[in-house]
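Treat the numbers as computed from the prediction; the structure is a model and nothing was measured.
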Amino acid sequence: MEKINITLPDGSVKEFDKGVNAFQIAESISGRLAKEAIAARVDGEVKDIYAPINSDSEVAILTFNDEEGKHTYWHSSSHLMAHAVKELFPEAQFGVGPAVDTGFYYDIDINTNLSEEDLPKIEEKMTEITAKDEPFIRQEISKDEAIKLYTERSDNYKLELIDGFNEDEEIISIYKEGNFTDLCTGPHVPSAGRIKYFKLLSVSGSYWRGDEKNKQLQRIYGVSFPKKKMLDEYLEALEEAKKRDHRKLGKELELFHITPKVGTGLPLWLPKGTILRETLENFLREEQVKRGYQPVVTPHIGNIELYKTSGHYPYYSDSQFPPIKLGEGQEEYLLRPMNCPHHFQIYSSKPRSYKDLPIRLSEFGMVYRYEQSGELNGLTRVRSFAVDDSHMFVRQDQLKDELCSVIDLIQHVFTVMGFEDFTTELSFRDDNDEKFGGDIALWERAQIELKEAADEMNLNYIIREGEAAFYGPKIDFMVRDVLQRKWQLGTVQIDYVMPERFDLLYTGSDGEKHRPVVIHRAPFGSLERFIGILIEHFGGYFPTWLAPIQTVVIPISQNYFEYSEKVFNELKEAGFRVEIDKRNEKVGYKIREWENQKVPYMLILGEKEQNSENLSVRQHKIGDLGNMQLSEFSDKLRAEIKNKVINK
């Protein structure tokens with residue numbers, strides 16, 4: 001039997017017979033690993049655990065603890081759910097059923113309008129199927145065979161997907177499990193019985209392929225785990241997430257309002273929310289001033305030719321509002337989808353010298369995207385949002401230092417906000433020349449420079465091919481909040497393409513014209529989305545420096561109004577955000593009300609406090625802190641605000 005060499009993640013090399021599979025390799029390492037093995041990464045590609053390996057390869061055994069293992073487990077769970085739906089609703093046709101960051105879903109077309117009350121019977125059917133523990137069997141078929149199979153099944157959605165396949169470039173595969181067959185690239189877990197504990201969470205509407213012109217399908221979301229404890233902990237976290245939902249808290253804390261009378265996806269910022277928003281903006285502005293950024297302001301609208309030059313139109317045409325036509329044969333304008341073309345015009349407003357660079361322009365610029373109505377979600381997916389945009393025009397010899405400086409700024413922002421757990425993704429181009437603009441040599445140069453900066457700043461990153469912006473490679477910062485949910489926040493991008501398109505120039509030390517390199521960066525990204533995430537991260541209990549109301553003065557009765565007003569006025573004059581509650585209500589009721597409003601501090605003032613000219617201080621979530629002098633309390637607040645202390 002011919003032998004092959006298998007290189008394991010620790011660098012060790014083992015010899016096996018040709019045709020060995022990853023399960024056998026796992027068995028040779030340990031019985032426990034073989035028991036927990038879900039799939040395998042073979043030369044960078046995730047494959048079924050029983051797929052034969054016929055040549056020297058690098059192999060990593062994947063379990064549920066690996067991201068790719070989770071993805072395989074959840075993708076298999078989606079298949080299992082579809083099998084159960086088909087058993088209960090034989091007329092079912094299926095759209096797509098992928099794994100997502102927190103579980104899986106499947107889009108289905110059946111004659112019954114499902115509600116959440118229907119989900120337990122689907123779960124029950126899934127349990128019956130897992131008890132049979134049928135294997136997942138992969139079969140590769142031709143396009144003609146796939147068309148024949150799904151024509152016989154009258155599954156028009158799968159036929160539409162098959163029609164888009166290119167046999168010369170893609171392998172078409174199906175997976176059989178019991179009496180159910182699904183069109184799927186895989187991989188899957190070895191058998192249905194490996195899917196132990198699952199919960200179907202919700203059902204909602206979803207247009208086929210995200211297009212409102214298509215039929216609306218029913219999307220069932222679920223999650224699954226190999227251990228019951230994992231599922232229980234997840235469901236507990238889900239309940240906590242519901243309590244922290246920024247849409248719920250945004251209403252309760254009077255931060256923002258969205259009404260169809262203004263337009264879906266167009267948030268109105270209420271006074272408290274505006275204070276929160278402006279505090280965040282001012283924090284970043286101050287940091288940017290320290291780092292040499294120059295503020296600019298640009299219009300919310302621009303001539304469509306500007307965006308044709310940049311490529312935003314037509315690259316993003318599907319997600320833009322229609323052009324505004326001023327009349328037959330006259331100019332067309334566009335609600336801006338991005339700020340960068342405006343900043344390029346500021347750079348070009350006068351000649352630039354090598355001595356002027358780097359130039360760092362910054363703006364909290366509003367941009368507009370026509371998101372599908374079904375994809376809108378509070379603040380995290382809107383149609384109008386501010387981007388904390390900056391565009392840096394640098395010489396080639398300045399690029400690396402500027403990249404490192406931007407990475408440092410983003411890390412500082414995350415630290416201040418209490419986001420301690422984050423990773424990064426380096427998004428590079430692939431070979432699709434239609435998807436990416438510009439000179440391939442410049443792309444390769446930019447990707448090398450981006451990676452060098454990431455290495456110098458000791459970033460923990462993975463590289464994603466084909467995920468770059470159309471004009472350049474980028475670093476995306478992926479943050480985990482207190483509920484361990486993963487969010488994409490800050491971004492840094494290198495751009496050699498736009499300077500060419502807009503003919504950006506500077507005069508070098510040699511007297512010749514040269515192109516600057518542009519760095520795009522946004523630590524917050526969308527400010528609306530960032531605040532939505534921040535609301536949930538803090539559960540609405542913002543640190544004192546961010547809180548719209550930092551303290552409230554509560555007199556026990558009207559006998560202490562005069563002293564309470566004195567305290568209130570002194571705190572207000574000192575620059576603190578303070579309220580006074582003189583309602584004719586019991587003090588216990590007031591305390592509960594302000595606790596629900598998550599105000600960091602309450603000052604309870606009665607006879608003892610008035611006579612001693614002290615304050616009885618109460619902290620949200622903690623309770624009574626005892627008596628303090630006004631100056632002592634002011635110093636405490638001032639220190640928390642200056643040091644941007646995070647509440648524990």
Side-chain angles (χ1 to χ4, degrees), residues 266-267 269 274 277-278 280-289 291-317 319-326 331-352 356-370 382-394 402 406 409 469-472 474 490-495 497-506 516-530:
L266 302 173
W269 290 93
T274 301
R277 180 189 176 105
E278 290 183 345
L280 282 168
E281 289 183 10
N282 291 336
F283 156 67
L284 188 55
R285 284 193 179 102
E286 288 172 9
E287 282 298 321
Q288 289 176 161
V289 167
R291 296 167 188 253
Y293 289 79
Q294 302 175 70
V296 296
V297 177
T298 60
H300 295 211
I301 190 172
N303 191 303
I304 197 169
E305 295 302 322
L306 185 68
Y307 305 106
K308 287 181 179 178
T309 300
S310 70
H312 291 105
Y313 192 92
Y315 273 101
Y316 293 136
S317 59
S319 61
Q320 290 171 9
F321 285 91
I324 302 165
K325 298 183 179 181
L326 300 184
E331 292 177 314
E332 288 184 81
Y333 286 82
L334 198 67
L335 284 171
R336 65 178 176 191
M338 299 290 272
N339 299 308
C340 32
H342 295 248
H343 290 191
F344 299 153
Q345 301 311 302
I346 291 175
Y347 176 87
S348 296
S349 63
K350 68 176 186 178
R352 305 289 183 174
D356 299 326
L357 274 55
I359 293 171
R360 309 177 186 95
L361 304 180
S362 64
E363 176 182 18
F364 282 89
M366 296 298 299
V367 297
Y368 302 87
R369 306 278 175 82
Y370 184 71
V382 291
R383 288 173 170 164
S384 168
F385 55 94
V387 180
D388 56 325
D389 249 339
S390 178
H391 296 93
M392 303 150 81
F393 305 84
V394 306
E402 289 297 315
V406 168
L409 172 60
F470 72 87
Y471 48 78
K474 59 178 180 170
T491 185
V492 185
Q493 302 166 359
I494 301 177
D495 183 1
V497 173
M498 294 298 172
E500 292 283 342
R501 292 189 175 185
F502 284 92
D503 196 25
L504 305 182
L505 297 167
Y506 70 89
V517 185
V518 171
I519 301 173
H520 306 244
R521 56 107 276 209
F524 293 152
S526 157
L527 189 58
E528 277 71 10
R529 184 169 179 270
F530 188 85

Could you check if a side-chain atom of Pro337 sits within less than 4.5 angstrom of a side-chain atom of Val367, using non-hydrogen atoms only?
-> no
Donor-acceptor contact present, side-chain Ser319 to main-chain Tyr370, <3.5 Å | no
Ring centres of Tyr368 and Phe321 under 6.0 Å apart?
-> no
Please round to the nearest 0.5 Å and tell me the distance separating atom CE of Met366 and atom CD1 of Ile301.
-> 14.0 Å
Give the minimum heavy-atom separation between Pro516 and Leu504, together with the two atoms involved.
-> CD-O, 3.3 Å
Closest heavy-atom contact between Leu306 and Pro341?
-> CG-CB, 3.6 Å
Sequence neighbours excluded, which residues qualify as salt bridge (Lys or Arg N to Asp or Glu O under 4.0 Å) partners of Arg291?
-> Glu287, Asp408
Should His520 and Cys340 count as side-chain neighbours, where that means a heavy-atom distance under 4.5 Å?
-> yes
Partner of Phe393 by ring pair (Phe, Tyr, Trp, His ring centres under 6.0 Å), out of Phe502, Tyr347, Tyr506 | Tyr347
Using a 4.5 Å cut-off on heavy atoms from C-beta on, say whether the side chain of Arg501 contacts that of Ser310.
-> no
Exercise: identify the closest heavy-atom pair between Tyr333 and Asn303 | CD2-N, 3.5 Å
Spatial distance of atom CD1 (Ile346) from atom CG (Asn339) [nearest 0.5 Å] | 10.0 Å
Could you grab the distance from atom CD of Gln493 to atom CD1 of Ile519, nearest 0.5 Å is fine?
-> 11.0 Å
Do His342 and Gln345 come close enough that some side-chain heavy atom pair is under 4.5 Å?
-> no
Quick one: do Arg369 and Met338 satisfy side-chain contact (heavy atoms from CB on, under 4.5 Å)? Show the steps, please.
-> CA-CA 9 Å; Arg369 306 278 175 82; Met338 299 290 272; 2.9 Å; yes
In short, Val492 meets Val406 closest at the heavy-atom pair CG2-CG1, 3.4 Å
Between Tyr293 and Leu409, does a side-chain contact (heavy atoms from CB on, under 4.5 Å) hold up when you go through it step by step?
-> CA-CA 12 Å; Tyr293 289 79; Leu409 172 60; 4.1 Å; yes
Name all pairs fulfilling the salt bridge (charged side-chain N to carboxylate O under 4.0 Å, His left out) condition that reach into residues 333-350, sequence neighbours left out, sorted by first residue then second.
-> Arg336-Glu363
Between Arg285 and Phe364, is any pair of side-chain heavy atoms under 4.5 Å apart?
-> yes
Rounding to 0.5 Å, atoms NE2 (His343) and CE (Met392) come to a distance of 13.0 Å
Straight-line distance of Asp389 CG to Leu527 CG, nearest 0.5 Å = 12.0 Å
Would you please name every residue forming a salt bridge (Lys or Arg N to Asp or Glu O under 4.0 Å) with Arg521, sequence neighbours left out?
-> none
Would you mind reporting whether Pro267 and Glu528 have side-chain heavy atoms less than 4.5 Å apart?
-> yes
Could you check Glu402 against Arg360 for side-chain contact (heavy atoms from CB on, under 4.5 Å), going step by step and ending with a plain yes or no?
-> CA-CA 10 Å; Glu402 289 297 315; Arg360 309 177 186 95; 2.8 Å; yes
Look up atom CG in Leu505 and atom CZ in Arg352, then write down how far apart they are to the nearest 0.5 Å.
-> 12.0 Å
Where do Leu266 and Ser384 come nearest, in terms of heavy atoms and distance?
-> CD2-CB, 3.5 Å
At their closest point, which heavy atom of Asp356 faces which heavy atom of Pro351, and how far apart are they?
-> OD2-O, 4.3 Å
Close side-chain approach of Phe344 to Thr309, heavy-atom, < 4.5 Å | no
